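Structure first, commentary second.
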2 protein chains.
Amino acid sequence: MSAGHTAVTTVGAAADEPVISCETPQDECGVRDVLDRLGDKWSVYVVVELASGVLRFKELQRRIHGGISQRMLTLTVRRLERDGLVKRTVYPTIPPQVEYELTEMGHSLTHLVKALADWSIAHRPAITAARASYDETQDVSAP
Amino acid sequence: MSAGHTAVTTVGAAADEPVISCETPQDECGVRDVLDRLGDKWSVYVVVELASGVLRFKELQRRIHGGISQRMLTLTVRRLERDGLVKRTVYPTIPPQVEYELTEMGHSLTHLVKALADWSIAHRPAITAARASYDETQDVSAP
DNA sequence: CAGGATCCCCGAAGATACTG
DNA sequence: CAGTATCTTCGGGGATCCTG
């Protein structure tokens, strides 16, 4: 990597100690799988809300701030159900009642989401500062 | 598979014991922040590749399978740089040489990505099975 | 109440061409 | 080599209407 150039030295983190050992590039270590699932706009919200208990469709929709449409909630929850992360229970009553809850696998994902949240909260100040610094460097003020 | 849950510290799958304590719904516990950063199509790949060391633009592009365009790589890497996750070093040579590497914060994110990868790899069979089961239930074979 | 069916919009992402 | 600029496409996602 460093071809004898005037390297600006490292940041302190050892680059020769790969945390991620990607043996199967074709599958991106499987990261893509999870990200495709959590990467969409709403899945994570649904998981977060469902993490605290069973919810019905409307209630779930109500709790998700930002206002998810019925369509997107349906699509999102269906995909999660298909992947075995959410369990959908239909009570053949009138009016119909459908309850959603995380499966065990879904709950295990919850820990990851929490890890992400923790990381985000911990580094938000640093990120904000980095952005400010970057934007300042770019100096957009000049017309 | 009912009691198979490994309760690390205080986390549990009980509905009355929220793993995710969302005190600030406005910020979605900050999860959205990370996801917006990792949720896009390429960021995670860049992080993964840079996790193993310093890379130049072209080499980085070459390693990312699926074929990222120069444009997207530029945009992705720029955002990561702005957020302080990636450090960009420009050597004023001819031809120009630019090296990218993760910052310490970027490396810390790497651990999260690895956790996601591990989770994905561990649960992939279950997910695949769940999908097969779901699709079978839906029975699309009937015309 | 839960959700299927439709229409439409906008932004993410690709392709291509040009430059320092 | 490492971008920037421009045009275009594609599909995620919103709004709305309708039904069991």
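Everything numeric in this text was worked out from a predicted model, so none of it was measured. Every chain is numbered from 1 and lettered A, B, ... according to where its sequence line falls, protein lines coming before strand lines.
Note: CD (B/Glu59) to C1' (D/dG3) measures 17 Å, nearest angstrom. Look at CD1 on B/Ile68: it is 11 Å from P on C/dA15, rounded to the nearest Å. Straight-line distance from the OH atom of A/Tyr91 to the P atom of C/dG3: 13 Å, rounded to whole Å. Rounded to whole angstrom, the span from the CG atom of B/Asp40 across to the P atom of D/dC10 amounts to 21 Å. For the pair A/Leu55 CG and C/dA2 C1', the interatomic distance rounds to 15 Å; values are reported in whole Å. In this structure, the CZ atom of A/Arg78 is 12 Å from the P atom of C/dA2, given to the nearest Å. Distance A/Met72 CE to C/dG4 P: 13 Å, rounded to the nearest Å. In this entry the distance linking CD of B/Gln61 with P of D/dA2 reads 9 Å, nearest Å.
Looking at A/Met105 and B/Trp119, their side chains come closer than 4.5 Å, going by heavy atoms from C-beta outward. A/Leu109 has its side chain within reach of A/Leu38: a pair of non-hydrogen atoms, C-beta onward, lies under 4.5 Å apart.
Checked against D/dG14, C/dA2, D/dA2, the side chain of B/Pro96 finds its nearest nucleotide in D/dA2. You'll find that the side chain of B/Lys41 is closest to C/dA13, out of D/dG3, D/dG13, C/dA13. Considering only side-chain atoms of A/Ser69, the nucleotide from C/dG3, C/dA17, D/dG14 that sits closest is D/dG14. Among D/dG13, C/dC1, C/dG3, the nucleotide with an atom closest to any side-chain atom of A/Arg88 is C/dG3.
B/Arg71 comes within contact range of at least one nucleobase, with a heavy-atom separation under 4.0 Å.
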request  = Any chance you could lay out the salt bridge (Lys or Arg N to Asp or Glu O under 4.0 Å) test for B/Asp118 and B/Lys114, step after step, and finish with the verdict?
outcome  = CA-CA 6 Å; B/Asp118 290 345; B/Lys114 173 154 174 47; 3.2 Å; yes

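Heavy atoms only, all atoms of each residue included: A/Tyr134 and B/Arg82 are closest at CD2-CG, 3.3 Å. Summarising the geometry of A/Leu102 relative to A/Val47, their closest heavy-atom pair is CD1-O, 3.8 Å, with the distance given to 0.1 Å.
Here A/Thr74 does not reach the OP1 or OP2 of C/dG3: none of its side-chain N or O atoms lies under 4.0 Å away. For B/Tyr100, no side-chain nitrogen or oxygen approaches OP1 or OP2 of D/dC1 to under 4.0 Å. Distances shorter than 4.0 Å separate none of the side-chain N or O atoms of A/Arg56 from OP1 or OP2 on C/dG3. In terms of phosphate contacts, A/Lys58 brings a side-chain nitrogen or oxygen within less than 4.0 Å of OP1 or OP2 of C/dC1.
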